[in-house]
Amino acid sequence: KGVDLEAVGKDPDSHIKTLFLFVIKCGDLGRSEWDTDEQSIRQSINEIKDVYLLNNISPEYKDLPIEIILVTGGNLQQSIQEQWIGYIKQNQNSKITFSLWDGDRLAEYFYKYMFNEGMLIPEYRSIFRRALVRIDDPSYNLKDIYQLIDLLIKDIPLKNKRKNKNCLLTMKICLKIFIQWSKDIGNLKHAINVAEFIVLRFWEQINKTQLFNNKSVITILIEVYNELLNLLIQNTNKFSSFYSTKNGLHGYTKSGNSEIESLRVFEQLGFLAETGLLLYFEILRINDINSRKSFINTSSLIEDIFNNHLCLLNPLYDSHSIEINMSLYVLYLSGKKDFIEKILLSMIEHIHFAYVHMSKYFPICSDNFHDLINENKENKEEFFQISTLLFWILEWGCILENDELYDTTYKFISEKCPNTIVQ
């Protein structure tokens with residue numbers, strides 16, 4: 001009758017004795033799970049309202065408040081969030097309430113009520129606790145959680161399906177707990193970096209061990225990928241007003257250091273560009289209207305962040321070519337070639353001025369912050385020995401068939417930094 005599980009107990013938030021009716025679904029929930037057949041979410045909840053509440057509640061529970069809970073280990077996709085909210089508004093009353101227990105909520109409850117000494121071996125448990133203790137430090141390099149993920153991924157056996165499943169489940173729960181703690185302290189950066197790391201390392205392990213036909217493994221990979229996309233979208237929503245405001249991200253770090261602030265702006269550019277690329281992948285994969293709208297909006301925000309943060313025209317590290325290329329590719333895919341040309345022409349002018357006249361704030365071939373703050377006229381050639389960024393600007397000149405961009409960049413290289421290797 002629509003109910004997968006019935007329970008009576010104190011509500012964890014209100015502490016009032018409540019009758020809980022659980023509707024349990026698997027994975028991420030989208031349009032196909034919302035209202036397509038008799039097993040869909042809407043049909044299941046309607047059956048609870050129309051049949052179960054009238055005929056199947058024990059007499060001793062009839063006076064209790066009722067909470068209908070939709071449970072999934074994944075997420076409620078954007079495509080049905082409005083339907084879910086609208087359904088609640090139409091059907092919620094003083095007697096009946098609705099809740100969503102998604103993967104994040106389950107992870108939170110699991111850690112709070114069920115996490116025990118037996119889930120992880122002592123070595124792994126110690127690493128995990130170190131990671132959680134340091135999660136509120138914005139400068140934390142995440143080495144503990146990365147180490148734990150590497151250990152768990154290496155433990156994935158090839159043949160023992162039961163051990164395989166337990167290992168994957170442990171990794172998934174640890175990820176969910178870490179992400180939930182990151183969200184609780186408002187630090188999406190840590191959560192995004194961990195999700196990125198798992199996707200990359202997990203894919204490497206799947207490729208190495210040829211587990212492409214292992215359903216449990218591929219399911220976990222897809223769930224982590226979707227978690228990453230959702231985190232990136234949340235980050236975009238959190239910072240969108242900052243991207244669109246003149247110097248909006250400056251001062252956000254409260255560091256008072258211009259170099260640190262510039263690095264954080266490039267970090268946000270990278271997150272924004274990654275969001276755009278994954279949304280474009282969603283367009284290629286399912287071609288739904290929400291992904292297309294979100295992709296166009298993300299492309300516009302990339303324009304905004306460039307227009308409102310001039311520091312992006314002065315890359316401090318050569319490795320910033322990654323964030324720059326990702327963002328330019330999103331702009332290219334959305335047909336904004338004129339804007340790309342404008343940005344790159346301005347960028348090469350800024351790099352020229354920084355290198356030739358300031359001997360500072362040009363893209364050094366090092367990721368060491370100490371090198372960045374100590375660059376000067378005497379060591380500038382040493383820090384500009386190699387430049388992948390200049391190579392890519394030349395490449396974009398070819399892609400866009402823009403002679404001015406190519407010639408300006410080539411002239412700068414040949415006349416001002418002839419010893420710089422540009423591949």
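Side-chain atoms of Gln90 never come within 3.5 Å of backbone atoms of Tyr87 as a donor-acceptor pair (strictly under, hydrogens ignored). Remark: side-chain polar atoms of Asp371 are not paired, donor with acceptor, to backbone N or O of Ser366 under 3.5 angstrom. Using modelled atom types, no side-chain atom of Gln147 and backbone atom of Ile127 make a donor-acceptor pair closer than 3.5 Å. Using a distance-only test at 3.5 Å, with no hydrogens or angles considered, a donor-acceptor pair links the side chain of Ser300 to the main chain of Ile296. Using modelled atom types, no side-chain atom of Gln83 and backbone atom of Trp34 make a donor-acceptor pair closer than 3.5 Å. At distances below 3.5 Å, not a single donor-acceptor pair connects side-chain atoms of Thr245 with backbone N or O atoms of Phe242. A donor-acceptor contact shorter than 3.5 Å is absent between the side chain of Asn297 and the backbone of Lys293.
Between atom SG of residue Cys398 and atom CH2 of residue Trp392 there is a gap of 11.0 Å, rounded to the nearest 0.5 Å. Taken to the nearest 0.5 Å, the CD1 atom of Ile348 stands 12.5 Å off from the NZ atom of Lys411. A distance of 12.0 Å separates OH of Tyr280 from OG of Ser299, quoted to the nearest 0.5 Å. We find the CD1-CD distance between Ile80 and Gln77 to be 7.0 Å, quoted to the nearest 0.5 Å. Atom CD of Gln92 sits about 9.5 Å away from atom CD1 of Ile68, to the nearest 0.5 Å. To the nearest 0.5 Å, the span separating CG on Leu394 from OG on Ser387 amounts to 9.0 Å.
The salt bridge (charged side-chain N to carboxylate O under 4.0 Å, His left out) contacts involving residues 379-401 comprise nothing, where partners must be two or more places apart or lie in separate chains. For the salt bridge (charged side-chain N to carboxylate O under 4.0 Å, His left out) condition, the pairs that include at least one residue of residues 323-340, sequence neighbours left out, are Glu303-Lys336. For residues 315-349, the ring pair (Phe, Tyr, Trp, His ring centres under 6.0 Å) pairs, not counting sequence neighbours, are Phe266-His320, Tyr317-His320, Tyr332-Trp396. Here ring pair (Phe, Tyr, Trp, His ring centres under 6.0 Å) pairs that include residues 402-423, with residues two or more places apart or in two chains, are His352-Phe412.
Leu316 has its side chain out of reach of Ile364: every pair of non-hydrogen atoms, C-beta onward, lies at least 4.5 Å apart. Residues Pro418 and Ile413 have side chains not in contact (no heavy-atom distance under 4.5 Å, counting atoms from C-beta outward). Side-chain contact check for Cys311 versus Glu261: every heavy-atom pair is 4.5 Å or farther apart. Two residues are said to be in side-chain contact when any heavy atoms from C-beta on lie closer than 4.5 Å; Leu70 and Ser99 fail this criterion. Looking at heavy atoms from C-beta onward, Cys174 lies in side-chain contact with Leu148 at the 4.5 angstrom threshold. Using a 4.5 Å heavy-atom cutoff, the side chains of Arg264 and Glu259 are not in contact. In this structure, Leu29 and Trp84 have side chains that are not in contact, with every pair of non-hydrogen atoms separated by 4.5 Å or more. With a 4.5 Å cut-off on side-chain heavy atoms, Leu175 and Ile198 count as touching.
What you find for Tyr361 and Met358 is that their closest heavy atoms are CD1-CE, 3.7 Å. Considering every non-hydrogen atom in both Ile324 and Leu389, the closest pair reads CD1-CD1, 4.0 Å. The shortest non-hydrogen separation linking Ser182 to Ile135 is OG-CD1, 3.2 Å. Shown here for Ala273 and Val330, the closest heavy-atom pair between the two residues is O-CG2, 3.6 Å. Looking at every heavy atom in both residues, Phe384 comes nearest to Cys365 through N-SG, 4.1 Å. When all heavy atoms of Leu279 and Phe295 are compared, the closest pair comes out as CD1-N, 3.9 Å.
With sequence neighbours excluded, the residues forming a side chain to side chain contact (heavy atoms under 4.5 Å, CB included) with Ser14 are Asp11, Ile16, listed by chain and number. For Asn402, the side chain to side chain contact (heavy atoms under 4.5 Å, CB included) partners at least two apart in sequence or on another chain are Glu341, Leu400, Glu404, Leu405. Residues passing the side chain to side chain contact (heavy atoms under 4.5 Å, CB included) test with Leu221, sequence neighbours excluded: Phe202, Trp203, Ile206. Residues satisfying the salt bridge (charged side-chain N to carboxylate O under 4.0 Å, His left out) test with Asp318, not counting sequence neighbours, are none. In this view, Ser291 and Asp288 satisfy the side-chain hydrogen bond (donor to acceptor under 3.5 Å, both in side chains) rule, not counting sequence neighbours. Under the side chain to side chain contact (heavy atoms under 4.5 Å, CB included) criterion, Asn235 pairs with Leu188, Ile192, Phe239, Tyr243, Gln268, Phe271, not counting sequence neighbours. Residues forming a side-chain hydrogen bond (donor to acceptor under 3.5 Å, both in side chains) with Ser32 (at least two apart in sequence, or on another chain): none. Applying the salt bridge (charged side-chain N to carboxylate O under 4.0 Å, His left out) rule to Asp150 yields the partners Arg201; only residues at least two apart in sequence or on another chain are considered.
Shown here is Lys238, whose NZ atom has more than 12 heavy atoms of other residues, nucleotides or ligands within 6.0 Å. Within 6.0 Å of NE2 on His370 lie no more than 12 heavy atoms contributed by other residues, nucleotides or ligands. Counting heavy atoms of neighbouring residues, nucleotides and ligands inside a 6.0 Å radius, atom CG of Asn213 does not exceed 12 of them. Within a 6.0 Å sphere centred on CG of Leu200, heavy atoms belonging to other residues, nucleotides or ligands number more than 12. The number of heavy-atom neighbours closer than 6.0 Å to NZ of Lys89, taken from other residues, nucleotides and ligands shown, is 12 or below.
None of Val194, Val224, Ile222 except one satisfies the side chain to side chain contact (heavy atoms under 4.5 Å, CB included) rule with Val199; the exception is Val224.
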Checking side chain to side chain contact (heavy atoms under 4.5 Å, CB included) for the pair Met326/Leu277: CA distance, chi angles, key distance, verdict?
CA-CA 8 Å; Met326 287 169 62; Leu277 291 175; 4.0 Å; yes
Could you please spell out the steps behind the side chain to side chain contact (heavy atoms under 4.5 Å, CB included) verdict for Ile302 and Leu331?
CA-CA 8 Å; Ile302 290 175; Leu331 293 171; 3.9 Å; yes
Mind running side chain to side chain contact (heavy atoms under 4.5 Å, CB included) on Glu67 and Phe98 for me, showing each step along the way?
CA-CA 6 Å; Glu67 186 168 357; Phe98 295 85; over 6 Å; no
Apply side chain to side chain contact (heavy atoms under 4.5 Å, CB included) to residues Asp35 and Ile41 and explain how you reach the verdict.
CA-CA 6 Å; Asp35 191 12; Ile41 300 167; over 6 Å; no
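The aromatic rings of His309 and His250 lie tilted to each other, with the angle between the two planes from 30° to 60°.
A salt bridge does not link Arg292 with Glu282: every distance from a Lys NZ or Arg NE/NH1/NH2 to an Asp or Glu carboxylate oxygen is 4.0 Å or more.
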